[in-house]
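These figures come from a predicted structure and were not determined experimentally. Letters A, B, ... mirror the listed sequences (proteins, then strands); counts begin at 1.
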Amino acid sequence: MTPRDPEAGFTVEIDCTVNGVRVRRAVPARQHLVDFLRDELELTGSHLGCEHGVCGACSVLLDGVVVRGCLTLAAQAHGKRVDTVEGLSDSGALDALQAAFARHNAAQCGYCTPGMLLTAHELLGAGRPMSRAAIREFMSGNFCRCTGYHAIVDAIAEVLERPSSGS
Amino acid sequence: MKAPRFAYRRAATLAEALDMLAGEGPGAVPLAGGQSLLATLNMRLSTPTLLVDIGDLDELVGIALERDVVRIGAMTRHAHVLESAVIRQHAPLVAEAIGHVGHVAIRNRGTFGGSLAYADPAAELPACTVALAGTVVVASRAGRREVPAERFFKGLFETDLAPGELIVEIRLPAHKPDRTWAFLEFARRHGDFAIVGLAAQATLADARIVDARLVYLGCVDRPKLARAAARALAGRTLPLDETAWIEPALAEDLDPPETPGCSAATKRQLAAVLTRRAVAAWHDRMPR
């Protein structure tokens with residue numbers, strides 16, 4: 001093998017699509033996706049809570065499925081589609097959920113809300129009827145430290161029960 | 001916290017990934033789904049010099065039944081396992097366990113091979129792989145080798161993997177009509193790591209237990225195959241009318257450490273409770 005540049009690999013070129021916009025950047029290898037979204041792209045809707053995969057505040061969609069933004073490197077978004085709460089709000093994909101969250105007072109301090117919305121969006125996308133217990137289980141990876149879970153489940157259940165729910 | 005500094009390289013092929021791992025030496029770590037690795041990096045519990053991203057290696061993704069073996073590519077994500085008809089039909093123990101693995105966002109990224117390589121003693125898939133007498137297929141630049149799951153797990157987060165090696169496939173013997181199974185966990189909350197869990201399979205001749213494989217997770221340093229319990233079970237007939245043998249057998253098999261909030265005695269007690277429930281579930285699922 002030829003000797004490598006000692007600095008090679010610490011900066012990574014990425015080319016991805018964020019909320020429908022093509023983004024090309026050089027990112028530090030160790031930067032996770034949410035720091036990239038917040039600090040580089042100024043998309044501050046995705047929040048950092050625990051930063052080790054427990055709380056779910058950092059949830060974003062990667063190629064259409066919900067993931068932990070803090071357990072995904074920005075470098076791993078290369079070639080992929082990233083959708084955040086900003087993009088999904090603008091596109092209207094979260095309209096029904098957001099209206100139901102407002103109606104049920106399901107956002108208290110609001111810190112967990114973007115993550116809740118994205119996980120709930122995936123729940124609705126599964127297109128299956130679910131009991132309240134099943135909704136709670138599906139949402140169990142997203143923490144609300146205001147402990148307002150009841151209202152969150154109410155809001156999701158309402159959208160789920162509505163025919164042709166807005167997701 | 002933020003992860004420490006490390007280099008990152010994305011492999012386009014398996015051969016390239018193996019070259020990258022070999023070229024860097026022991027500081028190189030494969031990055032699969034990252035659901036354990038990135039958490040340990042954010043907590044600075046791990047200090048690799050290079051992450052080799054194997055996320056693009058589609059050749060390591062897939063679940064297939066081949067003759068009597070379920071073959072699972074190492075990069076197969078938990079969400080894929082959860083939805084797999086092959087797993088439901090031919091590896092029902094794994095189908096039952098996979099719902100206990102993390103939460104939806106974790107299952108969308110985490111991989112079967114990654115779970116085995118990380119070897120968390122509380123993880124579900126290592127225990128299932130040992131209970132089913134599966135095989136871990138490992139590749140390096142020098143070639144491939146097959147490691148029986150029982151020998152793969154060496155201790156707390158320790159496996160048989162040498163620097164430069166990568167798990168490429170997991171092979172599980174397919175379910176047979178004379179088998180019965182159970183997967184149980186005791187965790188403080190759903191999705192949390194189990195304080196004690198049990199992956200258990202038995203081979204039956206009618207209602208008589210011919211062979212039992214009970215693997216405990218969470219309570220000792222690795223997925224622990226309980227040989228004394230298996231010996232005590234062999235030859236008994238389901239449903240068991242007498243279960244007082246469980247505690248002395250488990251005392252031989254399990255020596256759990258005290259951890260804050262949970263004594264060794266509590267863990268042994270929970271292991272015995274799960275064992276009784278598992279054997280009852282074996283009976284409920286007995287082929288008849």
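- A/Leu73 touches chain B through backbone and side chain together, each having a heavy atom under 4.5 Å away.
- Considering A/Val159, A/Ile156, A/Leu94 as possible partners of A/His121, the one that fulfils the side-chain contact (heavy atoms from CB on, under 4.5 Å) test is A/Leu94.
- Each of B/Arg10, B/Arg109, B/Gln35 has some count of heavy-atom pairs under 4.5 Å with chain A, and the biggest count is that of B/Arg10.
- Side-chain contact, A/Glu122 with B/Asn108: a donor N or O sits under 3.5 Å from an acceptor N or O.
- Residues of residues 39-46 of chain B lying under 4.5 angstrom from chain A, judged on non-hydrogen atoms, are B/Ala39, B/Asn42, B/Met43, B/Arg44 in numerical order.
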Exercise for the section: Would you sort out whether B/Arg141 and B/Asp19 count as a side-chain contact (heavy atoms from CB on, under 4.5 Å), showing the intermediate values? Expected result: CA-CA 7 Å; B/Arg141 262 204 319 211; B/Asp19 280 345; 2.7 Å; yes
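- Open room surrounds CZ on B/Arg277; 12 or fewer heavy atoms of other groups in view lie less than 6.0 Å from it.
- Between the side chain of A/Arg38 and the main chain of A/Ser46, a donor-acceptor pair closer than 3.5 Å is present.
- A salt bridge links A/Glu51 to B/Lys2: one of the charged nitrogens lies within less than 4.0 Å of a carboxylate oxygen.
- Taking every heavy atom of both residues into account, A/Leu160 and A/Arg128 meet most closely at CD1-O, 3.7 Å.
- Side-chain atoms of A/Ser140 come within 3.5 Å of backbone atoms of A/Glu137 as a donor-acceptor pair (strictly under, hydrogens ignored).
- Only the side chain of A/Asp35 comes within less than 4.5 Å of a heavy atom of chain B; its backbone N, CA, C and O stay farther away.
- With respect to chain B, the highest number of heavy-atom pairs below 4.5 Å among A/His52, A/Arg136, A/Arg30 belongs to A/Arg30.
- The residue among A/Gly53, A/Gly79, A/Ala75 with the most heavy atom pairs within less than 4.5 Å of chain B is A/Ala75.
- When heavy atoms are compared at a cutoff of 4.5 Å, A/Thr72 approaches chain B by way of both its backbone and its side chain.
- B/Leu37 does not touch chain A: none of its heavy atoms, backbone or side chain, sits under 4.5 Å away.
- Between B/Arg71 and B/Val137, the closest side-chain pair of non-hydrogen atoms is not below 4.5 Å.
- A salt bridge links B/Glu96 with B/Arg285; the closest basic N to acidic carboxylate O contact falls under 4.0 Å.
- For a heavy-atom cut-off of 4.5 Å, chain B lies close to A/Leu62, A/Val65, A/Val66, A/Val67, A/Arg68 in residues 54-68 of chain A.
- Ranked by heavy-atom pairs under 4.5 Å with chain B, the list A/His78, A/Met139, A/His32 is led by A/His78.
- Atom CD of B/Gln89 has 12 or fewer neighbouring heavy atoms from other residues, nucleotides or ligands inside a 6.0 Å radius.
- One N or O on the side chain of A/Tyr149 and one on the backbone of A/Cys144 form a donor-acceptor pair closer than 3.5 Å.
- A donor-acceptor pair is defined here as one N or O able to donate and one able to accept, closer than 3.5 Å; no such pair exists between the side chain of B/Glu185 and the backbone of B/His100.
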